[in-house]
Amino acid sequence: MACVNKNLILLKLLLFTFYGALGCLMPFLTIHMRYMGLSIQEITWINSVLPLTSLVGPPLVGILADRLGHYRPITVVCMLFAAVLHTALLFVPSCEVSPATEAALSLRCDTSGAAMVLDPCGNPCPRPVAFHSSSFEVKDCRLVCREETSTKENATEDEVVKVDRVVISDTAPLMCFRTGSGNHEYRTFNNDRITLEFNRTLEATHRQSESGRVMCYYPQQEFSTVSTQYTGLTCHASPPNCEVICNATELVNGTRFLQRPMCSTVRGNPKLTLWLYFGVRAMAEMLSAILVSLLEAVALTMVHQYKGDYGREKMFGLLAVGVFSPISGFLIDTKFGTFGSYSYAPVFYVFNGLMLTTMAVTIVLPIEVQVQRRSLLKNIRQLIHTTELSILLFLMTLLGTFWGYLKTFVYVYLEDLHASKLLLGLTLSFGIVPSLPFLYKSAAVVQYCGHHYLIMLAFLGYCVRFAGLSYIINPWWALLLESLELFTLNLMNVSAATLAYKLAPKTFVATAQALVWVSHFNIGRCIGTFVGGHLMDEYGEVLVFQGAAILSAACAAVYLFIHQLVKYLKGRQNVQPKPQPSKENGNVPNGHYTPLQVADEKF
């Protein structure tokens, strides 16, 4: 008895440290991607493709472990590489891309002439719309002079010079408008505004600016103001050091004259950040999925071997998530050991410490799993052809779709509501604390409610969570909604794992658990992240949350209807018909009634 208790104690410690390690990462990986400079579209793409990269790993390693029976070395090696690869995410170079804005348009003028100047942001110069008149408002004109010095003392004229500074003169700019008859009109601009209208297509020329960037110049020829037609514009400025620069705005009336490009400032190498992060994260996620499927198989086998309660053992893993997730968030808020740019370093400190502890427990844990000797293809075929297991996998995929969208974007949504990192960590704690007493008695809960009704409650829980998130303004209200993870994740996981263990042959435990994991956390997550991310980009978070609430409620209703219908049909098939009395000479024997007479008496 003592040996059995010892083995289960080690299992509790194993689940506590392993799920604590994963839990401290879960709330912060998405916002860490945004911190590194990845856009919402890139985050959506990464989180959509990541489950696919982990799709093959868990089933293959599960089959390999089932066949060889060597769970311990496979598990320890996967833990070691998972720790290294997750930590490597901290050293991926970040980038920063400012929000895209329309390219700035200005009017530049000196003694040689004037032109509308546009920064194309590295794109080709936009061509104006042909045969379309357009008006531009010119304002905020100022005289700008650049002081240049040579790169070294006593430099000759042939040597390269550099710009030290730009000086904006207080002198009011003087502009000269040339009419068609050759006359000149001089105007001094003191916070004045003027509207220039063009009635012909302008051709762009390329010039290199002082900073080395290629700019698009549209010469000012044949334009008009309110009442006068002009053929040219010059300014009283000494080129190349001085020129008049004005802000220009197109007065849009229907079609735009210039379709200006969208520009943004880029720091770092966004492509390097995207692909390097994706490569490291993909391998790390695959190893995490493999470890979960292996340890779930070990836990189920040991619980069955020592007559324990699976939910009670799983409770310790969830308790660790509730403990270490807010601790990691608090350490981030207090900037503990962040070392400058490594703002999320505390998360990886906690993760590595817990993962190393898990490795030590795994080495001393007694692991005994049944080994199968049949063909691998026959194993997979047998599992897939199990009708009830196939239905379970479909339901896990559907629930994983809701879970994938929620867990990918809820932390971004709460951060936009100005939630602290401590609050983001507490969301996991509030999802776990209400679950602990139910998981402690999970066997009784599953037996009382039934596997199917617990899965229905998961759909209803998602309905309430999505609807609530669409209406909250204060991010702290999200903690109440997270308590519904009792139904949407924790009891659902216990129900699905125990049902899969019941349906699958005992020699395929790891393979069956891997398929359940892949259906929910890989395929479902992929669909939910991809579809939900694009819908969020199109309609916003609130409308997508409301739509998901309606869809999850509809799934619960359809599932309930189908379950009750199947239950009713099975009941009809199991009813044995009553023996019919035989007639004697056309008469019914004494004490016997025909079915019609029995029906008449009931009514």
Side-chain angles (χ1 to χ4, degrees), residues 22-44 46-48 50 99 318 321-335 338 343-344 346-347 350 400-435 461-490 525 528-549 552:
L22 295 185
C24 70
L25 286 175
M26 191 180 302
F28 307 109
L29 286 176
T30 299
I31 59 177
H32 178 240
M33 283 191 280
R34 190 160 73 164
Y35 170 80
M36 293 176 60
L38 300 178
S39 65
I40 290 295
Q41 292 78 14
E42 291 170 335
I43 293 174
T44 299
I46 289 176
N47 283 320
S48 298
L50 280 178
L318 295 178
V321 175
V323 170
F324 292 107
S325 180
I327 289 177
S328 299
F330 174 76
L331 294 176
I332 295 174
D333 285 334
T334 56
K335 302 184 182 304
T338 54
S343 298
Y344 287 83
V347 175
V350 178
T401 300
F402 295 117
W403 180 86
Y405 173 71
L406 188 65
K407 283 303 175 184
T408 300
F409 298 107
V410 69
Y411 301 114
V412 175
Y413 180 67
L414 294 178
E415 191 178 46
D416 291 338
L417 293 177
H418 308 293
S420 65
K421 303 300 183 295
L422 175 61
L423 172 58
L424 297 182
L426 286 173
T427 57
L428 292 183
S429 301
F430 271 72
I432 291 170
V433 172
S435 305
Y462 277 119
C463 174
V464 177
R465 291 182 71 182
F466 283 124
L469 286 171
S470 67
Y471 287 103
I472 64 170
I473 299 176
N474 190 327
W476 286 94
W477 285 104
L479 297 180
L480 296 178
L481 298 173
E482 289 298 313
S483 64
L484 292 174
E485 279 207 348
L486 164 65
F487 304 107
T488 60
L489 190 63
N490 299 327
R525 174 186 165 191
T529 304
F530 180 78
V531 176
H534 284 80
L535 289 176
M536 186 185 72
D537 189 51
E538 184 72 21
Y539 301 104
E541 296 96 332
V542 174
L543 286 179
V544 176
F545 280 144
Q546 293 173 350
S552 56

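Counting begins at 1 with the first residue of the sequence.
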(message) Please identify which of these residues, Leu428, Val347, Leu25, meets the side-chain contact (heavy atoms from CB on, under 4.5 Å) condition with Ser328.
(response) Val347
(request) Rounded to the nearest 0.5 Å, what's the gap from CD on Gln41 to CG on Asp537? Could you check? (result) 4.5 Å
(message) Just so I know, are the side chains of Tyr411 and Thr427 near enough to count as touching, which here means a heavy-atom distance under 4.5 Å?
(response) yes
(request) Determine the minimum heavy-atom distance between Gly37 and Glu42, stating which atoms define it. (result) O-OE1, 4.4 Å
(request) Over 60° means perpendicular and under 30° means parallel, so classify the ring planes of Tyr413 and Phe545, tilted if in between. (result) perpendicular
(request) Determine yes or no for a side-chain-to-main-chain donor-acceptor pair under 3.5 angstrom, with Ser470 supplying the side chain and Val542 the backbone. (result) no
(message) Quick one, Thr44 and Phe409 - any side-chain contact, counting heavy atoms below 4.5 Å?
(response) yes
(message) Using 0.5 Å steps for rounding, measure from the OG atom of Ser325 to the CZ atom of Phe330.
(response) 14.0 Å
(request) Mind listing the closest non-hydrogen atom pair of Gly425 and Pro326 along with its distance? (result) O-CD, 3.6 Å
(request) State, yes or no, whether a side-chain contact exists between Leu414 and Ile472 at a heavy-atom distance under 4.5 Å. (result) yes
(message) If I take atom CD1 from residue Ile327 and atom CD1 from residue Ile332, how far apart are they, to the nearest 0.5 angstrom?
(response) 12.5 Å
(request) For the pair Asp333 (side chain) and Leu422 (backbone), establish whether a donor and an acceptor sit closer than 3.5 Å, ignoring hydrogens and angles. (result) yes
(request) Using the side-chain contact (heavy atoms from CB on, under 4.5 Å) rule, take Tyr405 and Val544 through it: C-alpha gap first, then chi angles, then the decisive distance, then the call. (result) CA-CA 10 Å; Tyr405 173 71; Val544 176; 3.4 Å; yes
(message) Side chains of Val321 and Met26, heavy atoms from C-beta outward: is any pair under 4.5 Å?
(response) no
(request) Report yes if some heavy atom in the side chain of Trp476 is under 4.5 Å from a heavy atom in the side chain of Leu479; otherwise report no. (result) yes
(message) Looking at every non-hydrogen atom in both residues, tell me the closest pair between Leu484 and Gly461 and how far apart they are.
(response) CD1-O, 3.9 Å
(message) Any heavy-atom pair between the side chains of Thr488 and Trp403 that's under 4.5 Å?
(response) no
(request) I would like to know whether Phe430 and Glu485 meet side-chain contact (heavy atoms from CB on, under 4.5 Å); could you show each step before the answer? (result) CA-CA 9 Å; Phe430 271 72; Glu485 279 207 348; over 6 Å; no
(message) For a quick test of reading the model, state the closest non-hydrogen atom pair linking Ile31 to Glu415 and the distance between them.
(response) CG2-OE1, 3.6 Å
(message) Using every non-hydrogen atom in the two residues, find where Pro475 and Ala419 come nearest and quote the distance to one decimal.
(response) CB-CB, 3.9 Å
(message) Could you check whether any side-chain heavy atom of Phe402 comes within less than 4.5 Å of a side-chain heavy atom of Phe466, counting everything from C-beta outward?
(response) yes
(request) Take the angle between the ring planes of His534 and Phe530 and call it parallel below 30°, perpendicular above 60°, tilted in between. (result) tilted
(message) For Leu469 and Glu541: C-alpha separation, side-chain torsions, deciding distance, then whether side-chain contact (heavy atoms from CB on, under 4.5 Å) applies.
(response) CA-CA 9 Å; Leu469 286 171; Glu541 296 96 332; over 6 Å; no
(request) Report yes if the side chains of Val410 and Arg465 come closer than 4.5 Å at any heavy-atom pair, otherwise no. (result) no
(request) Spell out, as yes or no, whether a donor-acceptor pair under 3.5 Å connects the side chain of Thr529 to the backbone of Ser48. (result) no
(request) Starting at OG1 of Thr30, measure out to CG of Leu38 and round the result to the nearest 0.5 Å. (result) 10.5 Å
(message) Evaluate Lys421 against Phe28 for side-chain contact (heavy atoms from CB on, under 4.5 Å), listing each step before the verdict.
(response) CA-CA 8 Å; Lys421 303 300 183 295; Phe28 307 109; 4.3 Å; yes
